[in-house]
Novice: 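Take this structure first; my questions come after.
Atoms considered below: every heavy atom in the structure, side chains included; atoms not considered: hydrogens, waters and symmetry mates. Numbers restart at 1 for each chain; the letters A, B, ... are given by sequence-line order, proteins then strands.
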Amino acid sequence: MTDHPPVVLPPETFQRRLLDWFDVHGRHNLPWQQNRTPYRVWVSEIMLQQTQVTTVIPYFERFMERFPDVEALAAANQDEVLHLWTGLGYYARGRNLHKAARVVMEEHDGAFPVHSLEAMASLPGIGRSTAGAIIAQSTGRRAVILDGNVKRVLTRLHAVEGWPGRPAVERRLWSLAERYTPAERVIDFTQAMMDLGATLCRRGRPECGRCPFETECLAHERGEERRFPESKPKKALPTRQTLMLLLLDDSGRVLLEQRPSSGLWGGLWSLPQFEDSEALQAWLDQHAPGAELDDEWSTFTHTFSHFRLEITPQPARVTCLDAVGESRRWFDPTDPANIGLAAPVKGLLESLRPFTLSAPAGHASESAKEPSR
DNA sequence: AAATCGGGGCA
DNA sequence: TGCCCAGATTT
């Protein structure tokens, strides 16, 4: 990865065209664009990390009214800060905001260390991009930003391949952002980059026809705007295996167990599960001596959002079973009780019904749906 | 239902 | 250093 990637148009041209666009179409009247102190810019940046501008505005104004400066914020107790944050969500960032205010008071004499990118970025909740934004927006000194909007603009303009979360890709994007950032009009430039990404160069349905870089944008030239930035590669889901005991009594009913109230399938009814056949056999020896195992059914996969479960049903027959307690019951597949069943168990039990018209083996591609209750 | 987002925390 | 997460929204 080169330190100086080729650029699609000369930085001066890029800057002039972007600023011309911004002067006409950019946002100029946001509350934090008046009286641009580091404090106000900081609070707005943190709020904007997670929420759209229109939602942020009333929160920002209430926040400023109650905490007009860092000192007021640092003196508050956390509960009051979080109270004003209620509805914005992501409370960790509200807590970080409060923490950072105290650091500014105690370690920087109440003044944001806007002279140092490093010092800014070491404050809780402030990373490299937010540090750059605060410095640029509140002092007008040259500083580089790379938030999600800017990343989208740059990956499209240069058709940057690869997921931006990859370090090599991120380095290239920082390098591009660095090269395009001017020394003058930095406040407007950084705002313009964010506005362009937020309004025209949106994730879905970008309005390329109105974009000042329509003729240079490599993604647009290829008709592939929507492919950039590339999305995070989805990791292969981990796979777990389980045996499910399908214990039938002589009238064809199946033994169910209720799951613990929390965790996977919390409170739902399921089949007894075992890691391996030894564990299953040990359970049978204890609870259903004399049970006869039939051949295993074929394994099928149930997919959750975070892992895959390979399920092998193990049928067995028993004539009598003691100890059917609170969390165990017999279930008649021909007359299904109205109880919450784990999704794959529901499918299995349906396949036991004698007059079902659907094929029994419909499990292979099911997803993690909530079973009906 | 899935993708997204900037920073924090951890191996 | 690199990788994944929390936590809520948008598409």
Novice: Give every residue pair that meets the side chain to side chain donor-acceptor pair (under 3.5 Å) criterion with at least one member in residues 147-158 of chain A, sequence neighbours excluded.
Specialist: Asn149(A)-Arg152(A), His158(A)-Tyr180(A)
Novice: Looking at Glu184(A), I want to see if its CD is surrounded by more than 12 non-hydrogen atoms of other residues, nucleotides or ligands under 6.0 Å.
Specialist: no
Novice: Report each atom pair, protein N/O against N/O of nucleotides 6-8 of chain C, whose distance is under 3.5 angstrom.
Specialist:
| from | atom 1 | to | atom 2 | distance (Å) |
| --- | --- | --- | --- | --- |
| dG7(C) | N2 | Tyr90(A) | OH | 3.0 |
| dG7(C) | N3 | Tyr90(A) | OH | 3.4 |
| dA8(C) | N3 | Tyr90(A) | OH | 2.6 |

Novice: Using a cut-off of less than 4.0 Å, is there contact between a side-chain N or O of Thr51(A) and OP1 or OP2 of dT9(C)?
Specialist: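 So the side chain of Thr51(A) is outside the cut-off, no N or O lying under 4.0 Å from OP1 or OP2 of dT9(C).
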Novice: What distance separates Phe60(A) CZ from Arg40(A) CZ, expressed to the nearest 0.5 Å?
Specialist: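 One gets 4.0 Å once the value is rounded to the nearest 0.5 Å.
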Novice: How close or far is atom C1' of dG7(B) from atom CG of Leu48(A), stated in whole angstroms?
Specialist: 16 Å
Novice: Closer than 4.0 Å, any side-chain N/O of Gln52(A) to the OP1 or OP2 of dT10(C)?
Specialist: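 Yes, Gln52(A) has a side-chain N/O under 4.0 Å of OP1/OP2 on dT10(C).
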Novice: Rounded to the nearest 0.5 Å, what separation is found between the CH2 atom of Trp269(A) and the CG atom of Leu255(A)?
Specialist: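 Between atom CH2 of Trp269(A) and atom CG of Leu255(A) there are 9.0 Å.
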Novice: Go through the steps for Phe14(A) and Phe213(A) under the test ring-ring contact (aromatic ring centres under 6.0 Å, His included), then give the verdict.
Specialist: CA-CA 8 Å; Phe14(A) 180 89; Phe213(A) 307 109; 4.5 Å; yes
Novice: Within the 4.0 Å heavy-atom criterion, would you say Gln49(A) contacts the bases, only the backbone, or no part of the nucleic acid?
Specialist: sugar-phosphate
Novice: Between Met47(A) (CE) and dT9(C) (P), how many Å, whole number?
Specialist: 15 Å
Novice: Using a heavy-atom distance cut-off of less than 4.0 Å, which residues of residues 147-157 of chain A contact DNA chain B?
Specialist: Asp147(A), Gly148(A), Arg152(A)
Novice: Could I get a table of every N or O pair under 3.5 Å where one atom is in the protein and the other is in nucleotides 2-5 of chain C?
Specialist:
| from | atom 1 | to | atom 2 | distance (Å) |
| --- | --- | --- | --- | --- |
| dC5(C) | OP2 | Lys235(A) | NZ | 3.2 |

Novice: How many Å lie between CZ on Arg226(A) and P on dA2(B), as a whole number?
Specialist: 17 Å
Novice: Could I get the full list of side-chain contact (heavy atoms from CB on, under 4.5 Å) partners for Leu117(A), not counting sequence neighbours?
Specialist: Ala131(A), Ile135(A)
Novice: Rounded to whole Å, how long is the line connecting atom CD of Glu170(A) with atom P of dC5(B)?
Specialist: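 Rounded to the whole Å, the gap is 12 Å.
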Novice: Can you tell me how far P of dA3(B) sits from CZ of Arg203(A), to the nearest Å?
Specialist: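 Interatomic distance, CZ of Arg203(A) to P of dA3(B): 9 Å.
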Novice: Check nucleotides 8-11 of chain B for protein N or O atoms closer than 3.5 Å to its own N or O atoms and list the pairs.
Specialist:
| from | atom 1 | to | atom 2 | distance (Å) |
| --- | --- | --- | --- | --- |
| dG8(B) | OP1 | Gly125(A) | N | 2.4 |

